[in-house]
Amino acid sequence: MGQIEWAMWANEQALASGLILIAGGIVATAGQFTQWYLGTYSIAAGVLVCLLEYPRGRRAKGSTMERCGQKYMTRAVKALGPLTRNYYIRAFLHLGLSVPAGFLLATILGTACLAIASGIYLLAAVRGEQWTPIEPKPKERPQVGGTIKQPPSNPPPRPPAEARKKPGEEEPVVGVPTGGPQENPMPVTDEVV
Amino acid sequence: MGNWVVTHWFSVLFLAAWLGLNVFLFVHAFLLFEKADKYYYTRQILGFCRRTLRKQLDHNLTFHKLVAYMICFHTAIHIIAHLFNFERYSRSRQATDGCLASILSNLSHQEKEGGSWLNPIQSPNMTVEYVTFTSIAGLTGVIITIALVLMVTSAMEFIRRSYFEVFWYTHHIFIIYFIGLGIHGIGGMVRGQTEESIDESHPHECAEFFEKWGDPDSHCKRPQFEGLPAESWKWILTPSILYIFERILRFYRSRQKVVITKVVMYPSKVLELQMNKRGFSMEVGQYIFVNCPSISYLEWHPFTLTSAPEEDFFSIHIRAAGDWTENLIRAFEQQHSPVPRIEVDGPFGTVSEDVFQYEVAMLVGAGIGVTPFASILKSIWYKFRNADHSLKTQKIYFYWICREMGAFAWFNDLLASLEQEMEELGKVGFLNYRLFLTGWDSNVNFDKATDILTGLKQKTSFGRPMWDNEFSTIATNHPKSVVGVFLCGPQTLAKSLRKCCQRYSSLNPRKVQFYFNKESF
């Protein structure tokens with residue numbers, strides 16, 4: 001179990017808890033249960049948790065699958081800096097958010113699930129994990145002309161006109177177009193970037 | 001669309017029947033509570049209520065997930081419905097205007113006949129939370145719902161693929177789930193009027209005279225109630241017994257001694273283990289579960305068998321792809337004098353067994369997915385050696401797609417010897433294979449590439465195969481045959497192959513038909 005990143009599971013659990021909080025809150029508010037204002041709180045807390053947890057963090061090892069459309073939320077969450085990067089803060093935030101919802105039966109399930117997520121985040125924080133945003137790698141522009149120090153001093157070698165009539169030899173390198181009227185005295189490789 | 005229905009009609013029928021049964025049960029239970037006389041007073045106090053039923057049928061992974069989603073869906077409905085119920089019970093208890101609901105709620109106070117109450121909330125000061133956590137139904141409900149949520153979040157594809165152990169161990173809390181589900185209804189919280197009470201004072205006659213129930217000379221007596229007995233155990237009993245039985249069987253099978261006869265390390269971290277076990281018999285393309293107690297007591301991992309049934313040992317090829325496999329390879333690399341003990345469970349059948357039922361077979365293996373086909377091709381080698389003429393298969397098209405050749409050097413020997421044998425027997429056209437190298441490593445020295453494939457007459461192609469061309473060629477060459485397409489590889493490839501199968505299968509059932517079979521772990 002050495003390579004588990006608990007934060008990833010905590011993230012799924014917290015997202016699920018957010019949704020449960022929203023659902024319980026809607027039921028309580030729509031049904032006008034006693035103390036239904038706690039239901040409204042639960043909806044707000046659930047929305048906040050979902051927004052915070054939707055952008056998945058980058059795994060320390062290997063590639064990470066982004067959630068659909070998380071790019072925009074990633075920027076917002078990243079902007080909060082250490083508040084969102086540090087998992088201790090997240091653990092206590094979730095614990096705090098879950099408490100008021102625990103006083104209403106309709107939302108108590110959300111409380112329990114969010115508290116569990118908070119516990120897993122605490123475990124992740126103790127093991128030194130951190131939230132890092134998934135950013136698209138900047139496309140490496142091909143360095144055209146980076147190695148050319150001087151323009152070539154000789155024209156490209158061209159055989160005389162008769163030699164051009166010969167059929168082109170099979171290129172040893174696959175991927176380069178074969179044949180053609182020119183037969184190069186030196187092997188020419190195409191720099192595929 | 002026509003092709004899709006023809007290929008999938010059985011699954012569609014099965015799913016439709018299952019969904020239909022679910023809907024029927026739901027509606028039946030709903031109508032029972034909605035209309036039956038027994039629950040007249042219960043309805044008065046609640047408005048209406050619902051109950052849900054769950055069934056468990058474990059066939060394969062897709063069905064398992066479907067059932068899981070159904071359970072989650074019904075759990076949500078169930079919880080929301082009971083939330084409303086509790087709220088209304090609470091309001092009825094607190095109503096002081098002497099309406100029917102409040103009289104009904106007070107029943108337990110006057111009748112000390114043990115259990116004739118209707119409203120589970122016994123006093124106006126009791127909160128719904130208190131009742132939830134002090135009743136069996138409420139407490140088990142909360143516990144098993146939390147267990148369900150944990151199981152679902154740890155089973156999300158991302159977690160399952162990246163951190164399998166989390167998923168595997170967490171999923172075992174299904175034990176808590178099912179025990180809790182069985183005892184969930186014991187408390188009899190949902191109540192209806194007893195038979196005798198209905199005979200005595202039917203709600204249609206007596207409901208309006210509720211103020212007079214206490215009078216000794218009124219012809220209406222107070223209604224008596226009893227709780228609905230627990231019923232979920234009836235649904236989960238049979239599947240649970242089947243499951244326990246299967247686990248015991250597998251445990252017994254896994255205890256049989258496994259003798260490792262040969263260990264081979266290949267480049268690119270591939271390990272071959274050749275083993276023997278008493279009473280072990282296999283078919284082509286089957287897989288086994290392997291456990292290595294010195295690495296992990298509880299983890300069982302599936303591996304396709306790469307040996308043929310005709311051989312006197314069975315073998316698996318293991319590639320390093322995670323914690324467990326890396327530890328295993330390291331343990332064998334160190335070559336300690338007694339090799340680590342291995343336990344084996346299986347073999348379990350998968351679809352590759354059907355290869356020999358098709359006249360023409362298209363086998364597509366991507367990367368490590370080539371392993372089931374190793375078994376098939378080896379079996380063919382033996383069948384030809386032993387002049388076994390019961391093979392229905394006339395032609396095999398084999399496509400092997402991988403990113404780098406080094407990882408599967410072990411497979412090249414097999415292909416080379418097959419090629420040779422086909423030539424010797426004069427059956428050159430039987431096995432038609434093509435290799436595709438999709439990874440482009442700029443360090444690849446092309447001379448080396450040809451060296452790896454020396455001896456194989458087929459040249460390696462670069463890039464992915466153009467399936468449309470392949471399928472149309474095969475369809476043209478075999479216009480009247482049934483072609484079985486077998487894939488062991490990633491989802492995206494499965495999608496394109498499935499599409500091609502549908503596109504190139506003729507609507508006329510006597511012309512060429514492509515049947516798609518996929519396996520993946």
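So that the names make sense, note that chain A is the first sequence line, chain B the second, and so on, each numbered from 1.
- Of the inter-residue distances, the one linking B:Phe158 atom CZ with A:Arg59 atom CZ reads 5.5 Å to the nearest 0.5 angstrom.
- In this structure a side-chain-to-backbone donor-acceptor pair under 3.5 Å is missing from A:Glu12 to B:Met156.
- No hydrogens or angles considered: a donor-acceptor pair under 3.5 Å links the side chains of B:Thr153 and A:Trp9.
- The line from CD1 of A:Ile116 to CG of B:Leu150 is 4.5 Å long, rounded to the nearest 0.5 Å.
- With a 4.5 Å cut-off on non-hydrogen atoms, B:Phe133 touches chain A through its side chain but not through its backbone.
- Atom CZ of B:Arg464 has 12 or fewer heavy atoms from other residues, nucleotides or ligands within 6.0 Å.
- By the neighbour-count criterion of 12 heavy atoms within 6.0 Å, atom CZ of B:Phe174 is densely surrounded, having more than that number from other residues, nucleotides or ligands.
- Within 6.0 Å of atom CH2 in A:Trp36, 12 or fewer heavy atoms from other residues, nucleotides or ligands are found, so the atom counts as exposed in its surroundings.
- Checked against a 6.0 Å centroid threshold, the rings of A:Phe33 and B:Phe84 count as neighbours.
- With a 4.5 Å cut-off on non-hydrogen atoms, B:Ile79 touches chain A through its side chain but not through its backbone.
- Taking both residues in full, the closest heavy atoms of A:Leu105 and B:Glu129 are given as N-OE2, 3.1 Å, listed atom of the first, atom of the second, then distance.
- Heavy atoms closer than 4.5 Å to chain A are found in the side chain of B:Thr132, but not in its backbone.
- Within the 4.5 Å cutoff, no side-chain heavy atoms of B:Val166 are placed close to those of A:Met8.
- Using a 4.5 Å cut-off between heavy atoms, A:Ile20 touches chain B through its side chain atoms alone.
- For a residue to count as touching a neighbouring chain, one of its non-hydrogen atoms must lie under 4.5 Å from one of that chain's; by this rule B:Thr170 touches chain A with the side chain only.
- Residue contact with chain A, scored on non-hydrogen atoms closer than 4.5 Å, involves the side chain of B:Ile159 exclusively.
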